[in-house]
Amino acid sequence: MGLFSKLKAVLTKTRDGISKKLNELFAKDKIGEDFYEELEDILISADVSVKTTMEIVDEIRDVAIKEKCKDKEYVIELLKKELFETIDYADGLQITSPAVIMVVGVNGVGKTTTIGKLANKFVKEGKSVTIAAADTFRAAAADQLSVWAERAKVRIIKHSEGADASAVVFDAIESAKAKNTDVLIIDTAGRLHVKANLMEELKKMDRVVKREYPAANYYKLIALDATTGQNAYNQVEVFNEAVGIDGIILTKLDGTAKGGFIISLSYELEVPVCFVGTGEKIDDIEDFNAQDFVDSMF
């Protein structure tokens, strides 16, 4: 199953909500000011932000008026074009070896599972991978990650529970350099901005990577649970302020009818979506494609 097919499946709830409402809107057979107001409501109901929604609809209205067009299919294509350009606004991310990928995020978003999927994906692409179990805060986190490392057939560097997370990162970097590893993926403890000590720990790990492996291409990716919708804004902003965020990994997209939030989040915060989880199996992660995402919403 290709990415488009997988996205089509995981976006069922979002698509059903949008398609049904769009069909009801077009059934009224009248494209006027009321139409555009209702279109705004539909996008907002899919969790596209008010600000981004208004910009998208204003652009569609301007083009439609200029072209004197009131055709349903034409307006839908305009909508798709605007959604694509909005979500594709942030510069994309190309992972280049030697790479260090630090995965951050709050508790419960699926970081550990995602790291296992990423490791497996890179291995299938012919890359050597090492995982650093730098979540020494959560009980049995390293054991859980070890299971995924074994499934993906990659090395894992870990210390005892409660150990210094930065020491794990240091040892993993030394190992990765010694073995010319293509990709080092660092797991981190789930944290919120209210946990000041954990945020400081994250900053320390960030400094260790920069100091000990300046030759690496360093990427900081935040895992976001798609079911949180607009609440994800605060998460990205907090982690961006702490260490800088280069990209987003979307998880649990199949569990929400509000997948539209990612359109405005990428646009307004200028952070691209890099990967998307499409299921629970180890192979269920894909490179994100903005056009496929938009097409899958309709």
Side-chain angles (χ1 to χ4, degrees), residues 10 93 95 99-122 129-152 154 156-159 161 163 165-166 168-169 172 183-195 198-199 201-206 209 218-228 231-232 234-240 242-256 262 265 271-288:
V10 299
L93 203 63
I95 307 283
V100 175
I101 301 173
M102 181 182 284
V103 182
V104 303
V106 302
N107 286 320
V109 297
K111 284 193 307 299
T112 303
T113 302
T114 296
I115 287 169
K117 291 178 181 180
L118 276 178
N120 181 68
K121 180 180 186 298
F122 289 130
V129 179
T130 295
I131 295 175
D135 179 359
T136 57
F137 183 76
R138 182 169 61 90
D143 292 338
Q144 184 185 357
L145 195 61
S146 293
V147 172
W148 281 101
E150 186 175 340
R151 289 179 188 171
V154 300
I156 182 169
I157 306 297
K158 59 183 179 178
H159 289 188
E161 187 179 314
S166 293
V168 178
V169 172
V183 183
L184 170 61
I185 308 175
I186 302 171
D187 188 19
T188 62
R191 63 200 76 208
L192 288 168
H193 58 291
V194 293
K195 295 283 187 180
L198 288 176
M199 291 307 286
E201 179 187 79
L202 188 65
K203 293 177 184 178
K204 183 180 176 183
M205 287 189 280
D206 180 51
V209 175
Y218 182 28
Y219 311 94
K220 284 156 283 187
L221 306 183
I222 185 168
L224 295 178
D225 179 340
T227 63
T228 61
N231 292 329
N234 183 52
Q235 294 174 26
V236 177
E237 287 176 333
V238 167
F239 283 94
N240 208 11
V243 294
I245 296 298
D246 300 302
I248 295 165
I249 306 171
L250 270 183
T251 69
K252 307 180 186 179
L253 194 57
D254 55 331
T256 181
I262 200 63
L265 187 148
V271 180
V273 181
C274 301
F275 303 101
V276 57
T278 55
E280 298 180 0
K281 297 177 182 177
I282 196 167
D283 292 321
D284 290 336
I285 191 165
E286 305 284 346
D287 294 324
F288 182 78

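All heavy atoms count here, side chains included; hydrogens, waters and symmetry mates do not. All residue numbers in this chain count up from 1 along the given sequence.
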message: Within the 4.5 Å heavy-atom criterion, are Val154 and Val183 side-chain neighbours or not?
response: no
task: Starting at CD1 of Ile131, measure out to CG of Leu145 and round the result to the nearest 0.5 Å.
output: 5.0 Å
statement: Here the pair of heavy atoms bringing Asp135 nearest to Ala189 is OD1-CB, 3.3 Å
- prompt: Taking atom CG of Leu93 and atom CZ of Phe288, what is their separation to the nearest 0.5 Å?
  reply: 13.5 Å
message: Show the nearest heavy-atom pair for residues Ile282 and Ala152, with the distance to one decimal.
response: CD1-N, 4.0 Å
message: Counting C-beta onward and ignoring hydrogens, is there a side-chain heavy-atom pair between Phe239 and Val106 closer than 4.5 Å?
response: yes
- request: First locate atom CD1 of Ile285, then atom CG of Asn120, and finally report the distance between them rounded to the nearest 0.5 Å.
  value: 9.5 Å
query: Considering only heavy atoms from C-beta outward, does the side chain of Lys111 approach that of Thr188 to under 4.5 Å?
result: yes
- prompt: Has the side chain of Thr228 got a donor or acceptor atom that lies under 3.5 Å from a matching backbone atom of Asp225?
  reply: yes
field: Minimum heavy-atom distance Lys158-Ala142, with the two atoms named
entry: CD-CB, 4.0 Å
task: Please confirm whether the backbone N or O of Leu224 pairs with a side-chain atom of Thr251, one donor and one acceptor, at under 3.5 Å?
output: yes
- request: Could you check if a side-chain atom of Val104 sits within less than 4.5 angstrom of a side-chain atom of Ile245, using non-hydrogen atoms only?
  value: yes
message: Checking Asp246 now: which residues fulfil side chain to side chain donor-acceptor pair (under 3.5 Å) with it, not counting sequence neighbours?
response: none
- request: Kindly compute the distance separating CE (Met102) from CG (Leu202), expressed to the nearest 0.5 Å.
  value: 5.5 Å
- request: Could you tell me the separation between the CD atom of Gln144 and the OG1 atom of Thr112, rounded to the nearest 0.5 Å?
  value: 4.5 Å
- request: May I ask you to decide if Glu280's main-chain N or O and Asp284's side chain share a donor-acceptor pair within less than 3.5 Å?
  value: yes
query: Which atom names give the shortest non-hydrogen contact between Ala172 and Leu184, and what distance separates them?
result: CB-CD1, 3.9 Å
- prompt: How far apart are the C-alpha atoms of Val209 and Ile186, what are their side-chain angles, what is the distance that settles it, and do they pass the side-chain contact (heavy atoms from CB on, under 4.5 Å) test?
  reply: CA-CA 10 Å; Val209 175; Ile186 302 171; 3.8 Å; yes
field: Beyond-backbone contact of Ile156 with Trp148, side-chain heavy atoms, under 4.5 angstrom
entry: no
query: Which heavy atom in Ala134 sits nearest to a heavy atom in Met205, and how many Å separate them?
result: CB-SD, 3.8 Å
OG1-CG distance between Thr136 and Asp187, expressed to the nearest 0.5 angstrom: 10.0 Å
field: Heavy-atom check, side chain of Tyr219 versus side chain of Val100, under 4.5 Å
entry: no
field: side-chain contact (heavy atoms from CB on, under 4.5 Å) between Lys204 and Val169, worked out
entry: CA-CA 10 Å; Lys204 183 180 176 183; Val169 172; over 6 Å; no
task: Report yes or no: does Lys220 contribute a side-chain atom to a donor-acceptor pair with the main-chain N or O of Val243 at less than 3.5 Å?
output: yes
message: I'd like to check Phe275 versus Thr114 (side-chain heavy atoms, cut-off strictly below 4.5 Å). Are they in contact?
response: no
- prompt: Where is the tightest heavy-atom contact between Gly105 and Ile222, given as atom of each residue plus distance?
  reply: CA-CG1, 4.2 Å
query: Side chains of Glu150 and Val147: closer than 4.5 Å at any heavy-atom pair?
result: no
